[in-house]
Asker: 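Have a look at the structure that comes next, please.
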2 protein chains.
Amino acid sequence: MQLEKTTKLRQIEEKRHYDDACGLAHALELVGERWALIVMRELMFGPRRFSELRADLPGISANVLTQRLGELEQRGLVRRVQLPPPASVQVYEATGWGLEAAPVIRELGRWAVRSPRHDPGLFVSPVSIMMSLQTMFDADRAGDLRGRFGFRFGHTGFVADIGDGTIDVRRGDPVGSDVLFNADPGAIAGVLYGGAPFETVDVSGDRTLAKRFVTLFPLPPKVETS
Amino acid sequence: MQLEKTTKLRQIEEKRHYDDACGLAHALELVGERWALIVMRELMFGPRRFSELRADLPGISANVLTQRLGELEQRGLVRRVQLPPPASVQVYEATGWGLEAAPVIRELGRWAVRSPRHDPGLFVSPVSIMMSLQTMFDADRAGDLRGRFGFRFGHTGFVADIGDGTIDVRRGDPVGSDVLFNADPGAIAGVLYGGAPFETVDVSGDRTLAKRFVTLFPLPPKVETS
DNA sequence: CCGTATCCAATAAGATACTG
DNA sequence: CAGTATCTTATTGGATACGG
């Protein structure tokens with residue numbers, strides 16, 4: 001009885017809130033809970049299943065993921081979609097507005113990696129490493145380089161097209177790419193951002209192009225520690 | 001005994017963490033706690049005292065503010081500064097890197113105000129309304145308009161300079177501005193963003209210029225509710 | 001007045017077991 | 001596989017008291 005009342009009140013009161021008209025405060029009411037923005041990140045290249053999300057969110061527990069997805073759906077950032085037969089599985093998909101959070105997520109990441117305490121050796125999800133390509137791409141370094149770069153992570157493939165000083169990254173079959181990276185996201189991160197030797201990743205296709213590729217993503221300078 | 005052990009462990013383990021090398025995850029370890037980004041927002045136009053922060057952060061409790069400031073200081077985003085005599089008071093100041101979070105904060109805000117549930121009628125702090133000028137300024141609408149616009153909120157003044165299609169906002173004495181707004185932040189927000197009549201704010205100086213000014217900050221369109 | 005510290009109640013998060 | 005249910009722990013907020 002007492003519990004029911006509390007629950008009902010929570011639905012009305014929308015739990016803790018900042019009584020602040022500032023857009024930032026509202027943003028934090030939308031995606032300020034723990035894990036919320038990281039869940040959004042995982043949806044940025046298309047719909048995902050519950051278990052995929054759980055696998056790429058190291059440390060999240062099922063009940064928290066359920067809760068976050070429910071809240072994000074209720075707030076209009078995520079949609080629950082039933083795939084047609086014969087798949088007939090349920091997936092979670094970012095709405096158009098949800099996808100518009102991508103630039104903010106990238107800028108937050110770019111800002112944070114300047115931190116002296118950032119540890120690039122931790123787990124990296126496929127989506128993380130693919131978003132980092134968009135975040136860290138340096139058009140000047142690319143110059144007039146053109147090429148299609150493919151990535152295969154388990155069952156999922158990604159394609160990055162570089163040309164005209166821009167990079168376009170999407171989920172997709174990497175067959176036919178000029179270069180195909182066959183390595184887990186952590187290994188690729190090691191080469192791109194951790195100074196690991198190029199040989200630590202399995203690359204097929206144009207190796208010269210591949211070696212050029214891995215130089216196109218400079219990290220911003222660390223903040224002065226003084 | 002048990003408590004001491006837990007406390008010590010917390011200092012080492014840095015409490016909850018995402019084991020994720022992604023920059024976004026690290027950003028959330030830096031400023032993901034409740035209130036952290038809003039505290040940073042309040043420091044974006046210069047150092048502030050504890051009680052000022054408390055007053056402009058409706059609903060924060062003193063102990064949480066103390067804790068947030070301590071964490072932000074430890075992480076290199078905030079500095080504690082002792083003002084020289086005769087003031088001799090302590091203020092909190094964003095570091096250079098902390099200030100670089102400003103664009104991210106603005107973009108988060110711009111993204112969030114498209115939400116159908118955003119309520120512009122809540123409390124607005126002076127810093128919020130001043131940052132919103134930078135966020136929502138429309139260079140096309142401004143055209144070749146030039147002018148200095150002053151604001152007085154209690155003891156604190158702000159100046160916004162518009163010219164060459166840019167806006168520059170800073171803390172400072174508004175005397176000598178072409179237009180001086182003498183109204184609380186909420187009233188100004190009402191006119192700029194809430195459709196309130198221009199006459200609801202006290203304006204001195206060039207009223208024609210002032211009327212033009214309040215049209216330069218269009219809100220982004222709300223997301224489709226369907 | 002400027003904070004800090006402490007205690008308590010309410011929520012949120014995490015671990016684990018369990019069900020259709 | 002896709003979540004729920006339950007229990008434990010951690011964090012937050014509010015009140016209040018305390019030292020400079």
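Throughout, a chain's letter reflects where its sequence line sits, starting with A, and its residues are numbered from 1. Worth saying up front: this structure is predicted, and the values here are computed from it rather than measured.
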Asker: Using whole Å, what does the distance between atom C1' of nucleotide D/dG20 and atom CD of B/Gln82 come to?
Answerer: 12 Å
Asker: With distance as the sole test, does A/Trp111 use its side chain to make a donor-acceptor pair with the main-chain N or O of B/Trp97 at under 3.5 Å?
Answerer: yes
Asker: Considering only residues two or more places apart or on different chains, which pairs with a residue in residues 78-89 of chain A satisfy salt bridge (Lys or Arg N to Asp or Glu O under 4.0 Å)?
Answerer: A/Glu73-A/Arg80, A/Arg79-A/Glu93
Asker: With sequence neighbours left out, which residue pairs that include part of residues 178-195 of chain A fulfil the side chain to side chain donor-acceptor pair (under 3.5 Å) condition?
Answerer: A/Ser132-A/Tyr193
Asker: For the rings on A/Phe149 and A/Phe158, is their centre-to-centre separation under 6.0 Å?
Answerer: no
Asker: Tell me whether A/Arg49 is salt-bridged to A/Glu42, with the criterion being a basic N under 4.0 Å from an acidic carboxylate O.
Answerer: no
Asker: Write out all pairs satisfying salt bridge (Lys or Arg N to Asp or Glu O under 4.0 Å) with one or both partners inside residues 57-67 of chain A, taking only residues at least two apart or from two chains.
Answerer: none
Asker: For C/dT4, does either OP1 or OP2 sit under 4.0 Å from a side-chain N or O belonging to B/Thr66?
Answerer: yes
Asker: Please list, by residue number, the residues of residues 42-53 of chain A whose heavy atoms come closer than 4.0 Å to an atom of DNA chain D; answer none if no residue qualifies.
Answerer: A/Arg49, A/Phe50, A/Ser51
Asker: Does A/Ala62 have any side chain to side chain contact (heavy atoms under 4.5 Å, CB included) partners at least two apart in sequence or in another chain, and if so, which?
Answerer: A/Phe50, A/Arg54
Asker: Under 4.0 Å from OP1 or OP2 of C/dC2: is there any side-chain N or O of B/Tyr92 that close?
Answerer: no
Asker: Could you run through nucleotides 13-20 of chain C and give me one letter per nucleotide, 5' to 3': B if any protein heavy atom sits under 4.0 Å from the base, S if only the sugar-phosphate is that close, - if neither?
Answerer: SBB-----
Asker: Any donor-acceptor pair under 3.5 Å linking the side chain of A/Arg171 with the backbone of A/Pro47?
Answerer: yes
Asker: Reckon B/Gln90 has a side-chain N or O less than 4.0 Å from the OP1 or OP2 of C/dG3?
Answerer: yes
Asker: What integer distance in Å separates A/Glu29:CD from C/dA12:C1'?
Answerer: 16 Å
